[in-house]
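Presented below is the structure to which this report refers.
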2 protein chains.
Amino acid sequence: MEKLLRSKKIRITDFRISILNIFNKQSTALSIEEIETELGQFDRITLYRTLKLFKEKGILHEIAIAGSNVRLALCEQNCEDLHHHHHNHIHFHCVLCSEVYCLDVETYPEIGLAGFEVQQVEIQATGICKSCR
Amino acid sequence: MEKLLRSKKIRITDFRISILNIFNKQSTALSIEEIETELGQFDRITLYRTLKLFKEKGILHEIAIAGSNVRLALCEQNCEDLHHHHHNHIHFHCVLCSEVYCLDVETYPEIGLAGFEVQQVEIQATGICKSCR
DNA sequence: ATAATAATGCAACATTGTTGCATTATTATA
DNA sequence: TATAATAATGCAACAATGTTGCATTATTAT
């Protein structure tokens with residue numbers, strides 16, 4: 001926790017620790033609303049600034065779901081920063097409970113597009129999750 | 001154009017026609033800001049309502065890009081409504097010009113997740129587009 | 001041409017995210 | 001461990017984005 005912040009060369013503060021704690025005890029990705037609920041009392045501006053920093057430092061990654069709110073989830077250990085994520089997982093959005101899961105897949109599909117240089121591929125699946133079936 | 005609106009059983013109005021015209025002459029997906037620029041003078045509320053309706057009716061689909069604004073693009077002919085899209089294309093986001101392309105792929109990857117019922121798969125690639133290379 | 005119905009446009013509001021700045025906390029150094 | 005340098009926090013104010021209610025106007029079915 002503190003080790004993570006130290007490795008990213010950013011200051012260790014109570015607020016940042018509590019944000020990390022929230023994500024650590026959670027298996028699914030969180031919306032900002034959910035984070036706010038977990039926090040109890042807090043300053044909205046500090047929250048936004050913290051989330052922005054965590055995204056820039058590769059601590060959290062953002063998942064944009066069409067027709068829903070943005071979700072955030074912890075990055076893998078080896079994400080250097082915002083533009084160098086290294087995850088081989090896909091994002092699953094449940095239409096019933098609307099939870100978003102980060103799920104590992106063995107074989108991550110290769111996408112080849114003539115004329116385009118593909119740097120990263122993000123896969124989102126929609127359907128019914130394990131708990132809702 | 002008018003045929004499309006008629007087939008969706010919604011009224012044919014000047015505003016809706018002009019929105020469809022903007023999308024027809026465009027090859028890439030559009031942000032709301034870009035639509036507004038194309039429109040010239042317009043009512044913001046009517047625009048939001050029109051876009052919402054078009055999404056519900058399966059005329060437009062929404063592309064949510066992490067760290068960027070939502071984009072909209074025309075659906076394929078056979079999209080019935082919001083929850084029944086039938087496209088075999090992927091969305092490509094250029095890191096240089098930040099355009100979003102809808103690109104067809106021959107082989108659309110199958111995603112299997114134990115315990116999860118996958119209904120739809122959305123693939124987003126990031127990199128450098130044809131024009132920017 | 002007319003009645004029924006839906007779309008538009010305005011005002012007002014709600015939500016989401018940002019900037020500047022004074023205060024407070026963290027960190028590096030002596 | 002005390003102090004200076006520096007970064008984070010929290011407040012106010014603002015900016016951007018999206019929504020609701022309602023009167024007016026346009027479209028459609030007859």
Side-chain angles (χ1 to χ4, degrees), chain A residues 1-23 29-57 59-72 81-82 98 100, chain B residues 1-23 29-57 59-72 81-82 98 100:
Chain A
M1 206 70 63
E2 309 199 357
K3 206 173 141 189
L4 175 59
L5 295 175
R6 218 183 305 273
S7 76
K8 300 292 183 182
K9 296 193 173 65
I10 56 175
R11 291 197 174 173
I12 297 157
T13 68
D14 294 350
F15 193 88
R16 290 174 184 172
I17 297 288
S18 58
I19 295 291
L20 290 179
N21 281 333
I22 289 170
F23 278 98
L30 292 167
S31 65
I32 293 180
E33 204 181 349
E34 287 169 320
I35 300 167
E36 290 180 341
T37 305
E38 288 292 318
L39 275 173
Q41 101 297 355
F42 71 100
D43 179 65
R44 222 163 50 83
I45 292 108
T46 305
L47 175 58
Y48 278 104
R49 278 195 277 229
T50 302
L51 297 178
K52 195 178 174 187
L53 178 72
F54 280 9
K55 283 185 278 179
E56 285 165 1
K57 294 292 179 181
I59 297 171
L60 293 175
H61 64 275
E62 189 175 313
I63 307 157
I65 305 278
S68 185
N69 291 332
V70 157
R71 313 298 164 101
L72 295 156
D81 63 54
L82 182 60
S98 75
V100 174
Chain B
M1 207 71 62
E2 308 198 358
K3 205 172 140 189
L4 174 59
L5 295 175
R6 219 183 305 272
S7 77
K8 300 292 182 182
K9 295 193 173 63
I10 57 175
R11 290 198 175 173
I12 297 157
T13 69
D14 293 350
F15 193 87
R16 290 173 183 173
I17 296 290
S18 58
I19 295 291
L20 290 179
N21 281 333
I22 289 170
F23 278 98
L30 292 168
S31 66
I32 293 180
E33 205 180 348
E34 287 170 320
I35 301 167
E36 290 180 341
T37 305
E38 288 291 318
L39 274 174
Q41 100 296 356
F42 70 100
D43 180 64
R44 222 163 51 84
I45 292 107
T46 305
L47 174 58
Y48 278 104
R49 278 196 276 229
T50 303
L51 297 178
K52 195 178 175 187
L53 179 72
F54 280 9
K55 284 184 278 180
E56 286 166 0
K57 293 293 179 180
I59 296 171
L60 293 174
H61 65 276
E62 190 175 310
I63 307 157
I65 306 278
S68 185
N69 290 333
V70 156
R71 312 299 163 101
L72 295 156
D81 62 54
L82 183 61
S98 75
V100 174

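What you see below is based on every heavy atom in this structure, not just the backbone, and it leaves out hydrogens, waters and symmetry mates. Chain identifiers are assigned alphabetically (A, B, ...) following the order of the sequence lines, protein sequences preceding nucleic acid strands; residue numbering begins at 1 within each chain.
- The two atoms that bring R16(A) and T50(A) nearest to each other are CG-CG2, 4.0 Å, heavy atoms only.
- Between N69(A) atom CG and dT17(D) atom C1' the separation is 13 Å, expressed in whole Å.
- Side-chain N/O atoms of R49(B) and base N/O atoms of dG9(C) include a donor-acceptor pair closer than 3.5 Å.
- Applying the 3.5 Å distance criterion, the base of dT5(C) shares a donor-acceptor pair with the side chain of R11(B).
- For DNA chain D, the stems formed by at least three consecutive Watson-Crick or G-U pairs, with both atom-pair distances below 3.5 Å, span C:1-30 with D:1-30.
- Across all strands, T46(A) comes closer than 4.0 Å to base atoms (heavy-atom distances).
- The phosphate of dT19(D) (OP1 or OP2) has no side-chain N or O of Y48(B) nearer than 4.0 angstrom.
- Taking only distance into account, the side chain of R44(A) never meets the base of dG10(D) through a donor-acceptor pair shorter than 3.5 Å.
- The two residues D43(B) and F15(B) have their closest heavy-atom pair at O-CZ, 4.4 Å.
- Exactly one residue among N69(B), I63(B), L72(B), V70(B) makes a side chain to side chain contact (heavy atoms under 4.5 Å, CB included) with V100(B). That residue is I63(B).
- Contacts of I10(B) with the nucleic acid, taken as non-hydrogen atoms under 4.0 Å apart, are absent.
- Contact annotation: T50(B) does not reach the phosphate of dA7(C) (side-chain N/O to OP1 or OP2, under 4.0 Å).
- When the side-chain nitrogen and oxygen atoms of R16(A) are compared with OP1 and OP2 of dA8(D), one or more of them lie within a distance under 4.0 Å.
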